[in-house]
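The block underneath contains the structure these notes are about, expressed in structure tokens.
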Amino acid sequence: MDKSFPLTGWSSVAVHAGHEQDPNYAHLVPIYASSTYVFDDAEQGMRRFSGKEEGFIYSRWGNPTMAEAEEKIAALETFGLDMEAKGILHASGMAAISTLMLATLKPGDKIITHFSLYGGTEELVSKILPAFGITAIIADLRDLQKAEDILKADNAIKMMYLETPANPTIQCVDLEELAKLAKQHNIIVACDNTFATPYLQQPFRFGVDYVVHSTTKFLNGHGTAIGGILLGRDVELMKIKITKVHRTLGGNSNAFDAFLLIQGIKTLEVRMERHCHNAMEVAHYLENHTAVAKVNYTGLSSHPDHYIAMKQMRHPGAMLSFELKGGLQAGIDFMNKLKMCVRTVSLGTCDTLLSHPASMTHYSVPKEEKEKYGITDGLIRMNVGIENLQDIISDLNQALTI
Ligand SMILES: *Cc1c(COP(=O)(O)O)cnc(C)c1O
């Protein structure tokens, strides 16, 4: 593509951004399955290592296939905004989050975060980082006054870490107000944008400093690879300090997974439009079903975070949960009857995925603990896929019929 051509639409950027003409004229970026890169002469090696000449050296440090994915996602997270960002692809979402924490925090520093977080992140901040002298204050950040009180009372807080919509509760926090508050207290703000994707929400728009993704989910979109990315608005800091930490920790991605990710991102807009359309219809269907006690979907005005979701997201997303009146046994029976929709955890794939936390992910968690997170015995979590709506509803309908 001629780089002088302005890409004005979202999917044009998703399809073309980051792509370089291949020296052998391959249409798609090849899978660069090479651990090292050669030098023409010793002097070139010197220039590459000293950073005087751009070029690849070693695939833990960077690789042409990975570079295309990094530039594509950075272009999408900054699409329509008057700013740049640099992304670093990682082996997983957790690897990206680990680099973020270890590169920006030091012993004695604290993190303020919302209580509903991805399980792995929750373990990282509550079990692993404390050994390095980094601790977390976990609060309900939907309460802005409380967030402000906590920040005022403790100047050891150096990072606000957000995840919205959050896994697994789909709670949302106010990016604009919280980022404003964080800036008043001169601390960095990071946001896990996995559930929304840059198509539905751009945290940089609200002043967030770092965005992380588990690319394993909607960005890849087909459940074919684990991956993650860390993006930062301070390009120089990303290129030098954060890159150094990333390269040394060794949580790099690989060319094959990056290739799959690139192909997935190209269809993100069309997939998300369909996911979100189906999710809204499924939410309405479930709301009117007599076996269902409650539907949690940010697209419904009954959801407590409906207003915040509408304020900062293009559509309310593909994730919802619902509660069966019959409790644990009803949940098990429903799951066993599904014929097309898939019984599994995770999210972000083309197919509809359903899980029953009480008999699966949270089976061994004590009841009081589960209820604190809103996980009741009859709760079903659903990643609404891109199949034909009528088939999704027919499958749910037959599984809900006693
Ligand atoms: C899955 C997920 C992660 C972790 O990503 P991995 O790629 O599994 O390491 C982090 N945050 C959210 C919101 C997730 O859904």
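Treat the numbers as computed from the prediction; the structure is a model and nothing was measured. Order of appearance sets the numbers: ligands from 1, and atoms from 1 within every ligand.
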For this session: Answer yes or no: does atom CD of Glu54 have more than 12 heavy-atom neighbours from other residues, nucleotides or ligands under 6.0 Å?
Result: no
For this session: Could you tell me whether Asn155 atom CG has more than 12 heavy atoms of other residues or ligands within 6.0 Å of it?
Result: no
Exercise. Does the separation of the ring centres of His275 and Phe218 fall below 6.0 angstrom?
Worked result: yes
Exercise. Does Arg47 pair with Glu53 as a salt bridge, N-O distance under 4.0 Å?
Worked result: yes
Exercise. With the threshold set at 4.0 Å, does a side-chain nitrogen-carboxylate oxygen contact exist between Asp174 and Arg142?
Worked result: no
For this session: Please write down residue, atom name and distance for the protein heavy atom closest to atom 4 (C) of ligand 1.
Result: Tyr118 CE2, 3.3 Å
For this session: Please write down residue, atom name and distance for the protein heavy atom closest to atom 9 (O) of ligand 1.
Result: Met94 N, 2.9 Å
Any nitrogen or oxygen of [X], side chain or backbone, less than 3.5 Å from one on ligand 1?
| X | result |
| --- | --- |
| Gly93 | yes |
| Asn167 | yes |
| Ile226 | no |

Exercise. Does the side chain of Ser359 come under 3.5 Å of the side chain of His356 through a donor N or O and an acceptor N or O?
Worked result: yes
Exercise. Are side-chain N/O atoms of Asn254 and Arg60 paired as donor and acceptor at under 3.5 Å?
Worked result: no
Residue [X] vicinity, atoms of ligand 1 by number, heavy atom under 4.0 Å:
| X | answer |
| --- | --- |
| Phe195 | 15 (O) |
| Thr216 | 7 (O) |
| Asp192 | 10 (C), 11 (N), 12 (C), 13 (C) |
| Glu163 | 13 (C) |

For this session: Run the contact test for Gly227 against ligand 1 with a 4.0 Å cut-off on heavy atoms, strictly below, and give the result.
Result: yes
Exercise. Which is closest to atom 15 (O) of ligand 1 in terms of heavy atoms, His90, Lys217, His213, Met319?
Worked result: Lys217
Exercise. Should Leu324 and Phe334 count as side-chain neighbours, where that means a heavy-atom distance under 4.5 Å?
Worked result: yes
